[in-house]
Amino acid sequence: MYTAHPDRYADMPYRRTGRSGLKLPALSLGLWHNFGPGDRTVDTQRAILRRAFDLGVTHFDLANNYGPPPGAAESAFGEALKADFAPYRDELVISTKAGYLMWPGPYGEWGSRKYLLSSLDQSLTRMGLDYVDIFYSHRPDPETPLEETMGALHTAVQQGKALYAGVSNYSPEQTREAARILADLGTPLLIHQPRYSMLDRRPEESGLLDTLDELQVGSIVFSPLEQGVLTGRYLDGIPADSRAASDSPFLSSDRITEDLVQQLRALDDIAKSRGQSLAQLALAWVLRGGRVTSALVGASSPQQLEDSVAAIENLEFSDEELARIEAVVKA
């Protein structure tokens, strides 16, 4: 029988999400790659979840299509909830999303009311939950009116099947319009989940972070480690057992160029000067200054998770350190 660590809230900082009353841990656990049938055993998956909660990671982020196969991550998480976390449900923030392909036919993806609400019901069944804390539109639908997509999120909240509404992968303009529609309906837009890292500046360059600041909407960023690129894995090229070596759809070997390796080595030197690993530097960087509410990390082991969470020990940067990072990344 699992009993959570009594000091689990001692060290993790919690940040208010936009103008809401909800606080999220600076680091949240994403169940994207490592929580379906595969090379991670059920025992390892449960050990990761337990260690996360013991370290103050209260937010677990999923989507209907996470696995593989799609739905597997939610099913695995549901088993862990039942076995270990049932007494702690009110201490957890659990999110899921809908937008990508889940089942055949015209109603199995995108942003229609039929798809989103059907998908949420399926997600709740897989996880054994009455509600999720955050329900996201995972991507904008170019063919469905935004009023319909946002109306479905509003309905989920009104039905008590979600406490908050979020969007992911929306442009600044789409985010602004989504927030307006939701506000008119009476369900505020809580949070946006964009991709963001030292190597991927699109939320800065597009004005998304400025838009979220203006709207007082929270942000939780995915891929802050660039699918493992911003770790020590590729400082000497491509290891045989790495994601890039397998030509994963999320990271191909073509990405690991000699120029990139040189950048990573330079960033690693900066990390060492701060007493951090490269991964810890990358996580601290996206969390700098408080503009980002939380950063999503994955983990293949409890030890990897511990290394990521240790980033919270040094989230401050000097102007000189930031300038050194910019010089490396933009070289």
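In this text the structure is predicted, and so the values were computed from the model without any measurement.
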Problem set entry | Verdict with supporting geometry, Ser28 and Asp61, side-chain hydrogen bond (donor to acceptor under 3.5 Å, both in side chains) | CA-CA 7 Å; Ser28 299; Asp61 179 74; over 6 Å; no
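Across Asp141, Asn64, Thr144, a single residue satisfies side chain to side chain donor-acceptor pair (under 3.5 Å) together with Tyr115, and that is Asn64. Here the rule is side chain to side chain contact (heavy atoms under 4.5 Å, CB included) with Leu281, and of Asp268, Ile325, Leu230 only Ile325 fits it.
Minimum interatomic distance between Lys161 and Asp121 (heavy atoms only, all atoms of both residues): NZ-OD1, 2.8 Å. Across every non-hydrogen atom of Gln193 and Leu296, the tightest pair is OE1-CD1, 3.4 Å. The two residues Tyr170 and Pro140 come nearest to each other via the heavy atoms CE1-N, 3.4 Å. For the pair His192 and Asn169, the tightest heavy-atom approach, listed with the atom from each and the gap, is CE1-N, 3.7 Å.
In the displayed structure, Tyr9 atom OH is contacted under 6.0 Å by more than 12 heavy atoms of other residues, nucleotides or ligands. The 12-atom threshold is not exceeded at CD of Glu316, counting heavy atoms of other residues, nucleotides or ligands nearer than 6.0 Å.
Leu117 and Val167 are members of different hydrophobic clusters when ILVMFWY side chains are connected at heavy-atom separations under 4.5 Å. Put simply, Leu163 and Val93 are part of the same group of oily side chains (I, L, V, M, F, W, Y) that touch within less than 4.5 Å, one to the next. A continuous path of ILVMFWY side-chain contacts below 4.5 Å connects Ile134 to Tyr131, so both sit in one hydrophobic cluster.
A heavy-atom distance below 4.5 Å is found between the side chains of Ser137 and Leu153. Val329 is listed as a side-chain neighbour of Arg201, based on a closest heavy-atom distance under 4.5 Å. Counting heavy atoms from C-beta on, the side chains of Pro172 and Thr175 never come closer than 4.5 Å. Residues Ser197 and Trp285 have side chains not in contact (no heavy-atom distance under 4.5 Å, counting atoms from C-beta outward). Put simply, the side chain of Val57 reaches to within 4.5 Å of the side chain of Val309, judged on heavy atoms. Contact annotation: the side chain of Leu208 never approaches that of Arg202 to less than 4.5 Å [non-hydrogen atoms, C-beta and beyond]. Inter-residue side-chain proximity for Asp200 and Ser223 is flagged as unmet; no heavy-atom pair is nearer than 4.5 Å.
At least one test fails for Arg265 against the ring of Tyr234: distance under 6.0 Å to the centre or angle within 45° of the axis.
Scored by the ring-ring contact (aromatic ring centres under 6.0 Å, His included) test, Tyr136 finds no partners at all (sequence neighbours excluded).
No donor-acceptor pair under 3.5 Å is formed between the side chain of Thr17 and the backbone N or O of Ser20. Looking only at distances, a side-chain donor or acceptor of Tyr14 sits under 3.5 Å from a matching main-chain atom of Gly56. Judged by distance alone, the side chain of Glu79 and the main-chain N or O of Ala76 form no donor-acceptor pair under 3.5 Å. Looking at Gln276, its side chain does come within 3.5 Å of a backbone N or O of Asn314 through a donor-acceptor pair. For the pair Thr149 (side chain) and Gly111 (backbone), a donor-acceptor distance under 3.5 Å is present.
Between Arg291 and Asp210, at least one side-chain N (NZ, or NE/NH1/NH2) sits under 4.0 Å from a carboxylate O, which counts as a salt bridge.
For the atom pair His59 NE2 and Thr293 OG1, the distance stands at 10.0 Å (nearest 0.5 Å). With rounding to the nearest 0.5 angstrom, the CG atom of Leu116 is 12.0 Å from the NE2 atom of His138.
Aromatic ring centroids of Phe35 and Phe77 lie 6.0 Å or more apart.
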Scan the side chains in residues 47-54 for donor-acceptor partners under 3.5 Å anywhere in the protein, sequence neighbours excluded, and list what turns up.
residue, atom, partner, partner atom, Å
Arg50, NE, Asp84, OD2, 3.0
Arg50, NH2, Asp84, OD1, 3.0
Arg51, NE, Glu306, OE2, 2.7
Asp54, OD1, Tyr2, OH, 2.8
Asp54, OD1, His5, N, 2.9

